[in-house]
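Comments concern the structure below.
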Amino acid sequence: MAVVPENPFVLVDGSSYLYRAFFSPPHLTNSAGEATGAVYGVVNMLQSLLKQFSPTHIVVVFDAKGKTFRDDMYVEYKANRPSMPDDLRSQIEPLHSVIKAMGLPILTVPGVEADDVIGTLALQASKKGIKTLISTGDKDMAQLVDENTYLINTMTNTVLDVPGVNEKFGIPPEMIIDYLALMGDKVDNIPGVPGVGEKTALAMLQGLGNMDCIYENLDKLAPLGFRGSKTMAKKMQENEAMARLSYQLATIKLDVELEVGYDDFKPIPQDTDELIKLFGKLEFKRWLAALLSGDNLVAKASSGQESQANPAFVAAKSMVDRDSYKTIYTKGQLLQWIKKLKQADVFAFDTETTSLDYMKAKIVGLSFAIQTNVGEEADPIIEAAYLPLTHDYIDAPAQLDLTETLALLEPVLSSDEYKKVGQNLKYDRSVLLNHGITLGGIAFDTMLESYVLDSTGKHDMDTLALKYLGHKCISFEDIAGKGKKQLTFNQIAIKEAAPYAAEDADITLRLHLELQSRLQETPELLSVLNEIEMPLLTVLSDIERGGVEIDSELLKVQSNEIAKRLLELEEQAYEEAGKPFNLGSPKQLQTILFEELNIPVIKKTPKGAPSTAEEVLQELALTYPLPKLIIEHRGLSKLKSTYTDKLPLMVNEETGRLHTSYHQAVTVTGRLSSSDPNLQNIPIRSSEGRRIRQAFIAQPGYKIVAADYSQIELRIMAHLSQDEGLLTAFSTGKDIHKATAAEVFSVELDEVTVDQRRSAKAINFGLIYGMSAFGLAKQLNIGRQEAQTYMDRYFSRYPAVLTYMEDTRLLANEKAYVETIFGRRLQLPNINAKNGMLKKAAERAAINAPMQGTAADIIKKAMIDMAEWVKQKPQGSVQILMQVHDELVFAIKEESVETYTKEIQAIMADAAKLDVPLIADADVGDNWDEAH
């Protein structure tokens with residue numbers, strides 16, 4: 001590969017970059033649904049180019065809008081190119097803004113293409129002996145290569161000089177135009193000579209010379225060994241005019257009139273503030289973090305110019321002063337800080353621990369932060385400190401005694417008088433309970449404040465610090481290392497641990513001040529935070545710590561049985577395939593299904609391979625036995641690895657119970673999720689899934705009671721839409737699915753068949769999820785027209801539902817969010833996306849989100865009320881075990897089951913006042929499956 005001289009003049013084909021970036025992964029969008037992948041790709045390529053060549057002069061050239069002189073020469077020029085996609089067009093303006101903020105010159109010239117501008121500049125530079133590098137993906141530009149001009153391919157990073165062009169194309173740069181003219185160019189719709197392809201064009205040029213020489217020597221085509229040489233000569237002769245036109249079209253113009261030149265293309269210092277703003281909007285988080293940490297993201301051109309510090313940027317950085325953090329080593333210092341904490345309106349608090357497992361974690365240290373200029377209009381001044389307690393590495397300095405220190409802190413930590421803010425305080429509360437301290441005064445949680453403000457995206461502290469404060473936090477890996485060699489916090493040197501820990505408290509307090517000010521602008525959101533999410537925090541903590549008893553032996557028996565069944569399925573699959581193979585390998589499965597068994601391909605992956613996804617196998621299983629075996633094998637394998645094998649290993653050694661983790665800030669709709677284990681995903685419809693639920697048992701003397709809201713989302717739909725038909729059906733206690741079936745199928749209520757009720761159920765639930773006629777047809781296995789008839793009849797019987805759906809779509813498009821009955825906002829970043837699929841998905845979400853979100857709010861309110869009810873009962877008589885979807889699961893003493901069950905149903909029914917009754921069905925059993 002050719003070697004480019006140092007610090008060349010770089011000419012970037014911006015239009016080539018743009019198209020290549022757009023059609024290459026990753027296909028990114030930001031949370032507003034705006035396409036950003038092309039901007040990301042171009043900027044990434046520019047950074048690499050700058051870093052590799054450190055140019056003293058550079059310009060990024062783009063095609064201008066409108067026609068060029070070639071369109072006048074040949075009306076069909078580029079006519080076969082599709083119009084620019086909207087998602088690409090929308091990225092041009094932000095891309096230009098980013099390039100300018102990077103300090104790089106941009107040039108567009110009307111009436112010509114970027115190639116012509118680059119050709120003109122390259123020739124001007126070459127005549128002056130300036131070494132020039134053209135960066136493009138366009139092979140046409142090989143015609144510009146000379147002793148001073150080099151070409152680099154944006155995708156392969158291959159550099160071509162004159163010998164390189166000869167080697168790659170088999171002809172010198174000056175014959176590239178002839179080459180393109182003879183064989184034509186489908187991309188640009190240059191016609192060329194019919195019947196002349198790449199090999200023929202090359203042979204003629206190598207044998208006779210350029211196009212003029214070829215036309216002067218058509219009689220010499222025969223000695224060159226062309227098959228049908230007479231025909232070829234005739235074709236050339238008959239199409240000379242087209243060949244000459246193609247030559248003109250392929251020729252890059254080298255005399256474009258330009259008002260700027262080489263001396264105007266020195267890069268200038270990057271505009272850091274503007275880049276921060278742009279990268280923030282585009283959500284390029286890695287680059288944003290680099291800028292905020294003080295790095296010069298853009299590789300500097302070697303012109304001797306350095307990027308000047310921006311005063312506003314420096315001020316933003318200096319707001320967090322890590323050098324001011326204190327480390328508490330003495331009792332005197334501790335007592336001073338306890339006094340400060342008591343005097344603060346609110347203080348930030350964080351624990352550093354030995355484990356992420358809230359049941360096992362022990363305190364290594366504590367950090368605190370207070371605001372010292374409360375009430376002033378200036379930026380907050382935060383004082384923060386770290387209190388190390390159990391760092392035990394070699395040569396660790398003396399630290400205060402853990403037991404004595406916690407005894408001094410306990411009155412402040414447990415008191416409701418002293419208000420605390422934290423990031424994910426549920427975890428810190430549990431850690432303190434491991435040390436016998438019940439955290440009081442839980443006033444704010446930045447994770448929940450962020451979640452209520454906007455449930456989309458991540459809500460960890462590092463992400464929030466970047467998003468709301470423009471600050472990059474010290475990462476845990478920075479001080480602890482990575483992988484197997486990663487240290488636990490007690491092993492980290494205090495001099496490194498202290499800034500990290502104190503910063504956690506500092507940033508938490510700053511985030512709280514920022515997020516609260518935003519939430520106060522919308523009282524409804526503040527109400528959701530204060531009346532639902534914050535009270536729920538301690539409720540969930542208690543449920544987590546209470547845990548649930550499981551029958552590990554029963555699960556082990558089930559694991560063994562599943563293992564036996566998996567072997568049987570494997571043998572049957574081998575028999576169907578005609579040979580053994582790895583059932584878990586999509587690649588091997590693709591080969592067997594679609595190549596060896598010749599099963600038709602019904603869907604492909606984004607990379608073009610035949611899909612073996614679940615929905616594909618489900619469809620194939622209707623006809624072919626092997627996909628059916630694979631589906632069963634996959635399902636059982638997942639159950640075994642996720643539940644029957646794993647659950648017994650997750651039982652806590654001290655409590656003998658299983659403890660899940662509930663997450664308040666994960667789903668966009670407000671629903672809770674859980675992990676370790678994920679209780680939400682245990683199958684209920686399969687027999688094996690129900691057997692897993694049988695392992696969730698009541699201890700002796702207790703029964704399991706499961707209370708589940710009945711058709712809550714449909715009831716919410718009735719309330720929101722105010723449809724008379726739905727309101728009447730629910731208010732009179734009708735079976736809503738039978739009532740819908742009677743309306744849709746025009747039969748009397750008592751004449752509704754089981755199949756009709758099943759179809760009506762699919763319609764009821766499908767429509768609130770925005771299902772189309774196509775989706776309904778697929779679910780019911782009926783024709784699309786029949787499904788559309790059902791939907792039309794449904795909406796004619798329940799017209800207010802259709803009105804609600806249409807009004808909701810319009811409102812969502814206007815506001816980019818929808819709301820629950822309680823005021824929770826559910827953001828819809830893709831509602832105005834240019835991409836039709838994204839927009840339709842957002843519209844479906846807009847219809848369902850108020851119902852799903854309201855259902856989530858209702859069960860959360862029920863849990864808060866239920867926790868108060870439990871406190872009033874004799875200790876140990878009732879325990880909230882689990883929350884799963886719309887269901888609450890309890891362990892209740894046998895003698896209180898009947899009374900308590902009725903009270904539970906009443907509390908759940910009273911959690912919200914709707915225009916239809918809320919009904920909670922409840923059942924009792926010795927295990928979860930029996931009670932469901």
Side-chain angles (χ1 to χ4, degrees), residues 23-27 483-484 550 552-650 673-695 774-775 777-781 837 841 929:
F23 289 106
S24 302
H27 303 292
K484 293 181 179 179
I550 64 169
S552 294
E553 290 304 316
L554 186 63
L555 289 169
K556 289 175 184 176
V557 169
Q558 187 178 359
S559 259
N560 291 334
E561 291 176 3
I562 290 176
K564 184 179 178 181
R565 177 58 182 158
L566 288 172
L567 288 174
E568 292 173 357
L569 289 169
E570 285 175 11
E571 290 301 323
Q572 291 174 35
Y574 298 161
E575 188 175 340
E576 290 293 336
K579 66 177 183 181
F581 68 100
N582 181 357
L583 274 66
S585 168
K587 191 169 184 180
Q588 290 186 34
L589 188 58
Q590 285 170 4
T591 302
I592 288 170
L593 289 177
F594 306 114
E595 293 179 22
E596 298 180 9
L597 296 181
N598 292 317
I599 292 175
V601 176
I602 60 175
K603 188 177 180 182
K604 291 188 176 182
T605 67
K607 292 185 177 180
S611 173
T612 58
E614 188 74 13
E615 68 271 14
V616 171
L617 294 182
Q618 291 282 3
E619 189 169 339
L620 293 176
L622 298 173
T623 309
Y624 304 96
L626 182 56
K628 188 174 182 180
L629 295 171
I630 298 296
I631 290 170
E632 185 180 354
H633 189 277
R634 282 184 181 179
L636 290 177
S637 295
K638 186 174 182 180
L639 282 183
K640 187 174 186 295
S641 61
T642 307
Y643 295 110
T644 60
D645 284 351
K646 194 173 180 181
L647 291 182
L649 303 177
M650 299 176 73
S673 63
S674 66
S675 63
D676 303 315
N678 181 352
L679 301 176
Q680 319 287 336
N681 277 6
I682 300 175
I684 185 61
R685 293 178 182 174
S686 72
S687 59
E688 293 296 343
R690 290 193 295 274
R691 284 186 67 191
I692 292 171
R693 290 177 176 235
Q694 290 169 16
F774 176 79
K778 194 172 181 180
Q779 185 164 334
L780 295 179
N781 196 26
M837 288 181 64
D929 182 52

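The figures that follow rest on heavy atoms only: side chains count, while hydrogens, waters and symmetry mates do not. Index from 1, following the sequence.
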Quick one: does any side-chain atom of [X] pair with a main-chain N or O of [Y] as donor and acceptor, under 3.5 Å?
| X | Y | value |
| --- | --- | --- |
| Thr591 | Lys587 | yes |
| Ser611 | Ala613 | yes |
| Glu688 | Leu636 | no |

query = Between Leu622, Val616, Thr623, which is the residue that forms a side chain to side chain contact (heavy atoms under 4.5 Å, CB included) with Leu620?
reply = Val616
inquiry  = With side chain to side chain donor-acceptor pair (under 3.5 Å) as the test, pick out the partner of Asp929 among Arg691, Gln694, Arg693.
reply    = Gln694
Atom of [X], atom of [Y] and distance for their closest heavy-atom approach:
| X | Y | answer |
| --- | --- | --- |
| Gln590 | Pro610 | NE2-O, 3.0 Å |
| Gly584 | Pro586 | O-CD, 3.3 Å |
| Pro648 | Lys556 | CB-CE, 4.4 Å |
| Leu617 | Arg634 | CD1-NH1, 3.4 Å |

message = Walk me through whether Tyr643 and Ile682 qualify under side chain to side chain contact (heavy atoms under 4.5 Å, CB included).
response = CA-CA 8 Å; Tyr643 295 110; Ile682 300 175; 3.5 Å; yes
note = Sequence neighbours excluded, the answer for side chain to side chain donor-acceptor pair (under 3.5 Å) partners of Asp645 is Ser559, Lys640
key: Leu583 vs Leu589, side chain to side chain contact (heavy atoms under 4.5 Å, CB included): CA-CA, chis, key distance, verdict   = CA-CA 7 Å; Leu583 274 66; Leu589 188 58; over 6 Å; no
request  = For the pair Ser673 and Asn678, evaluate side chain to side chain contact (heavy atoms under 4.5 Å, CB included) and give the outcome as yes or no after the intermediate values.
outcome  = CA-CA 8 Å; Ser673 63; Asn678 181 352; over 6 Å; no
I'd like to check [X] versus [Y] (side-chain heavy atoms, cut-off strictly below 4.5 Å). Are they in contact?
| X | Y | result |
| --- | --- | --- |
| Val557 | Thr644 | no |
| Phe594 | Thr612 | yes |
| Pro677 | Leu647 | yes |
| Arg565 | Glu632 | yes |

Audit row: Ile550, Ser552, side chain to side chain contact (heavy atoms under 4.5 Å, CB included) steps and yes/no = CA-CA 6 Å; Ile550 64 169; Ser552 294; 4.0 Å; yes
What distance separates [X] [atom1] from [Y] [atom2], expressed to the nearest 0.5 Å?
| X | Y | atom1 | atom2 | answer |
| --- | --- | --- | --- | --- |
| Leu639 | Leu566 | CG | CG | 9.5 Å |
| Leu569 | Lys564 | CG | NZ | 12.5 Å |
| Ile631 | Glu614 | CD1 | CD | 5.5 Å |
| Leu626 | Glu596 | CG | CD | 10.5 Å |

Please output the side-chain donor-acceptor pairs of residues 570-578 that fall under 3.5 Å, not counting sequence neighbours, one pair per line with the distance.
from   : atom 1 : to     : atom 2 : distance (Å)
Glu570 : OE2    : His633 : NE2    : 3.4

inquiry  = Let's go through Glu615 and Lys603 carefully: what are the C-alpha distance in whole Å and the side-chain angles of both, what is the deciding distance for salt bridge (Lys or Arg N to Asp or Glu O under 4.0 Å) to 0.1 Å, and is it a yes or a no?
reply    = CA-CA 10 Å; Glu615 68 271 14; Lys603 188 177 180 182; 3.1 Å; yes
query = So with a 6.0 Å cut-off around CG of Asn582, is the heavy-atom count from everything else above 12?
reply = yes
